[in-house]
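Atom set for the values below is all heavy atoms of this structure, side chains included, hydrogens, waters and symmetry mates excluded. Order of the sequence lines sets the chain letters (A, B, ...), proteins ahead of strands, with each chain counted from 1.
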Amino acid sequence: MTGRGLPVKVSDNTLYFLSFFGERMPDFHPVAQTLLDWFAQNMRPLPWRADYSPYHVWISEVMLQQTQMERGVEYFRRWIAALPDPPAVATAHEDEVLKLWEGLGYYSRARNLIKAARVMVRDHHGRVPDDEAALRALPGIGPYTARAIASLAFGHDLAVVDANVERVFSRLFDVDTPVRETATKRRIADLAQQLLPPGRARDYNQAVMEFGALVCRKNPDCGHCPLAAHCEARRLGIVAHRPVPGKQADIQHVDVATGVVRRGGLLFIQRRPEDGVWGGLWEFPGGTVEPGEIPEQTIVREYMEELEWAVAPTRRIATIRHGYTRFRVTLHCFELEFLHGDAENPPLHEATQCRWIPLADLGRYALPAGHRKLADMLSAAEGGEGEGEGERKK
DNA sequence: TAGACGTGGCT
DNA sequence: TAGCCAAGTCT
């Protein structure tokens, strides 16, 4: 592979070659070396690759959980500009943090960043801790992220396993058991760790993931693959069947009704409970259309159940389709007339706070994606102020 | 351990 | 259009 002398020993992950001067020079497993070379030529420029500061690596890794890299970049820049270090996160208001996260999904990640930052301030001098165990103990940091931070930011020789790594090694070594199973995960973790070139964990881990994202994709680009000669799945002609998938949760279709109440030029929003879906985000009240109901009936029932308000739908604003986790949602949106109830201090049965706000202020609040679309339609209808994805906080 | 937890892009 | 999927974690 290297053309550099004779292999004299295979030890752990390292092949030793004799140099021209007779010294033992470390070289790496051909697969690892190929990945390192490929990465050096093909890595995408990313903001957190500028200096690999532990704080930047932590934020980027959490942002990228279950998220495509391109989508994370702009969120990352905005986050770092607003909250430059762990103490800033520790003292930030949750509403500000959720607004920075709006649209990324899995909002417990954002809430956990605050919790973890507070632990860093309390126990780690306001810094990201540098060992795997301490990282693993922080909220929102699991086995992947702990090893990613330890290797990328601190240079520890720890291999990471994410969906890319599972796909790449499943194909290279023809792993024929479902990747969801614990035993399979352990086998892939062992393979990744065995191939890790000592001292090169930062580049190696990113190389495998980047290679999985750009070449060894779900629909792989085997024609341009530098590892084709090493790939067992390719030799067997079963690349499309690796990795072996687990059971898929089936998609459920649901109809949801929501409605906007206006009163004296203000509109009503409420804040969702911390636990559960969209925890801590703001929304227009509403809920699932039950069997036998039409959406107009649902929204009347929901306002009575959630706020003990009587309302009447006056206009259908829009029908918005979006998805979340395993649901496909059709969101029926209504303009509502407030009939009676305690407008100023309603009992909150499905919320922790509520507010009457001007339409122009809607952009300051973190809303679920479906409600953000509705909010933007309302803003656009009223002359375009606060249009787009909502104004960002200055 | 399996299910909950979001979203937008791609096929 | 509908299904699949992405630098996972928590319970």
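Contact between the side-chain N/O atoms of A/Thr182 and the OP1/OP2 oxygens of B/dT1 is found at a separation under 4.0 Å. For B/dA4, one of the phosphate oxygens OP1 or OP2 lies less than 4.0 angstrom from a side-chain nitrogen or oxygen of A/Arg326. A sub-4.0 Å separation between OP1 or OP2 of C/dT9 and a side-chain N or O of A/Thr145 is present. Listed pair A/Tyr107 / B/dT7 meets the phosphate criterion, a side-chain N or O lying under 4.0 Å from OP1 or OP2. For A/Gln65 and C/dG8, the shortest distance from a side-chain N or O to OP1 or OP2 is not below 4.0 Å. For the OP1/OP2 pair of C/dC10 and a distance below 4.0 Å, the side-chain nitrogens and oxygens of A/Arg109 include no atom meeting the criterion. In terms of phosphate contacts, A/Trp278 brings a side-chain nitrogen or oxygen within less than 4.0 Å of OP1 or OP2 of B/dT7.
Within the 3.5 Å criterion, the main-chain N or O of A/Asn164 finds no donor-acceptor partner in the side chain of A/Arg217.
Within 4.0 Å of A/Arg147, counting heavy atoms only, lies no atom of the nucleic acid at all. Contact annotation for A/Ala148: no contact, since no heavy-atom pair falls under 4.0 Å across all strands. A/Gly103 comes within contact range of the sugar-phosphate backbone alone, with a heavy-atom separation under 4.0 Å but no base atom that close.
Nearest to the side chain of A/Thr325, among C/dA6, B/dT7, B/dC5, sits B/dC5. When distances are taken from the side chain of A/Arg180 to each of C/dT9, C/dA7, B/dG3, the shortest belongs to B/dG3. Nearest to the side-chain atoms of A/Asn164 among the listed nucleotides B/dT7, C/dA6, B/dT11 stands C/dA6.
Separating the NZ atom of A/Lys185 from the P atom of C/dA7 is a distance of 13 Å, rounded to the nearest angstrom. In this structure, A/Arg71 atom CZ and C/dG8 atom P are separated by 14 Å, rounded to whole Å. The CG-C1' distance, from A/Leu104 to B/dG8, rounds to 11 Å in whole Å.
Note: A/Trp278 and A/Tyr324 have tilted aromatic rings, judged against thresholds of 30 and 60 degrees for the angle between ring planes.
Across C/dA2 and B/dC5, the matching P atoms stand 23 Å from one another, rounded to whole Å.
Side-chain atoms of A/Tyr144 and base atoms of C/dG8 include no donor and acceptor less than 3.5 Å apart.
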